Peer 1: 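My questions all concern the structure below.
For clarity, every value in this text was computed on a predicted model and none was experimentally measured. Below, chains carry the letters A, B, ... as their sequence lines are ordered, and counting in each starts from 1.
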Amino acid sequence: EPEVTQTPSHQVTQMGQEVILRCVPISNHLYFYWYRQILGQKVEFLVSFYNNEISEKSEIFDDQFSVERPDGSNFTLKIRSTKLEDSAMYFCASSRDTGELFFGEGSRLTVL
Amino acid sequence: QKEVEQDPGPLSVPEGAIVSLNCTYSNSAFQYFMWYRQYSRKGPELLMYTYSSGNKEDGRFTAQVDKSSKYISLFIRDSQPSDSATYLCAMRKGEGSNYKLTFGKGTLLTVNP
């Protein structure tokens, strides 16, 4: 069964460092997303990406965040200068035009 | 009022019980409703995806939507210990919404053998 894969599964970084989280969406999907979940809180939307551009972003997704689809398979989330409050699980998701979102296993980011 | 409200539980039931999980929402623009299952420190797994009011059944799972009351439910029949997880409701607006989901906080379910 096709699935969304994410790397790394866990990353520890120092405050102020840049982090890149990587995702390989399901191959025939057209829409890509990043969500995050701070421990004990709800899953929150960060950004959606379609046709090689951002289609929607939340208030959380400020200038410190960026997304990229550098080739035909990968989808990345970059945090330029991490803060303590960026510590969370980051989930990549993808969907076709049906709107059913399929999530990866997540990348746990710990900022020290 | 929060857009999506979900009782966080925890909910503990014996094996074989019928489980009822619920969410309410305030925004009538939500048109599509989903239930996800999330095991500890894992990604959400899509269980059910519904649009119209009424019931949708898939194996031991039944999703129910009442748009007039802004209330959705997930029923699990013959619950198993492997059903122990956090259940998240999620919803999105209609076409042109980029399929952005708004989640409830999740209900932690434990099914005891």
Side-chain angles (χ1 to χ4, degrees), chain A residues 1-7 9-10 21 23-26 29-51 53-61 67 88-110, chain B residues 1-10 21-27 29-52 56 58 61 63 65 85-108:
Chain A
E1 186 176 314
E3 58 181 17
V4 176
T5 58
Q6 290 186 240
T7 54
S9 57
H10 186 198
L21 305 177
C23 169
V24 179
I26 295 172
H29 284 189
L30 305 174
Y31 299 82
F32 314 112
Y33 314 83
W34 285 100
Y35 285 76
R36 79 171 185 191
Q37 187 176 31
I38 294 172
L39 188 63
Q41 297 189 24
K42 59 173 65 176
V43 177
E44 299 174 289
F45 169 77
L46 290 179
V47 65
S48 60
F49 192 86
Y50 172 70
N51 200 25
E53 61 182 22
I54 290 174
S55 47
E56 188 171 355
K57 58 184 180 181
S58 72
E59 292 176 353
I60 303 166
F61 194 88
V67 290
M89 282 289 281
Y90 288 81
F91 294 109
C92 175
S94 68
S95 70
R96 292 179 60 190
D97 54 0
T98 59
E100 294 171 89
L101 270 69
F102 295 89
F103 284 80
E105 292 290 271
S107 293
R108 183 154 64 105
L109 176 64
T110 302
Chain B
Q1 185 180 11
K2 293 179 184 174
E3 271 198 308
V4 179
E5 301 227 37
Q6 185 175 8
D7 186 341
L21 304 164
N22 312 293
C23 286
T24 59
Y25 62 97
S26 58
N27 192 339
F30 288 132
Q31 299 293 319
Y32 297 84
F33 305 92
M34 284 132 274
W35 286 95
Y36 284 85
R37 178 174 61 196
Q38 186 178 29
Y39 293 112
S40 181
R41 294 187 177 273
K42 297 290 186 182
E45 175 193 3
L46 182 63
L47 288 176
M48 301 289 280
Y49 178 76
T50 57
Y51 167 67
S52 55
K56 180 179 180 181
D58 184 0
F61 298 91
V65 174
T86 297
Y87 289 80
L88 310 173
C89 65
M91 47 199 78
R92 68 172 178 88
K93 299 173 186 175
E95 300 310 320
S97 67
N98 298 307
Y99 306 127
K100 165 191 165 184
L101 299 183
T102 300
F103 281 84
K105 198 169 181 183
T107 299
L108 177 61

Peer 1: What is the distance from atom OG of A/S58 to atom NZ of B/K100, rounded to the nearest 0.5 Å?
Peer 2: 7.0 Å
Peer 1: Working to the nearest 0.5 angstrom, can you tell me the gap between A/E105 CD and B/E45 CD?
Peer 2: 9.0 Å
Peer 1: Hey, what do you get for CG (B/L101) to CZ (A/F103), rounding to the nearest 0.5 Å?
Peer 2: 5.5 Å
Peer 1: Is the gap between the ring centers of A/F45 and B/F103 under 6.0 Å?
Peer 2: no
Peer 1: Given 3.5 Å as the limit, does a donor-acceptor pair link the side chain of B/Y49 with the main chain of A/L101, or not?
Peer 2: no
Peer 1: Is B/Y39 close to chain A through its backbone or its side chain, or both, or neither, when contacts mean heavy atoms under 4.5 Å?
Peer 2: neither
Peer 1: Is B/Q38 close to chain A through its backbone or its side chain, or both, or neither, when contacts mean heavy atoms under 4.5 Å?
Peer 2: side chain
Peer 1: Relative to chain A, which of B/P44, B/A90, B/G104 shows the most heavy atom pairs under 4.5 Å?
Peer 2: B/P44
Peer 1: Let me know if A/Q37 has heavy atoms under 4.5 Å from chain B in its side chain, its backbone, both or neither.
Peer 2: side chain
Peer 1: Is B/K42 atom NZ crowded by more than 12 heavy atoms from other residues, nucleotides or ligands, each under 6.0 Å away?
Peer 2: no
Peer 1: Where does A/Q41 contact chain B at under 4.5 Å (heavy atoms): side chain, backbone, both or neither?
Peer 2: backbone
Peer 1: What part of A/F49 is in contact with chain B, defined as an atom under 4.5 angstrom from a non-hydrogen atom: side chain, backbone, both or neither?
Peer 2: neither
Peer 1: How long is the straight-line distance from CE of A/M89 back to CZ of B/R41, given to the nearest 0.5 Å?
Peer 2: 7.5 Å
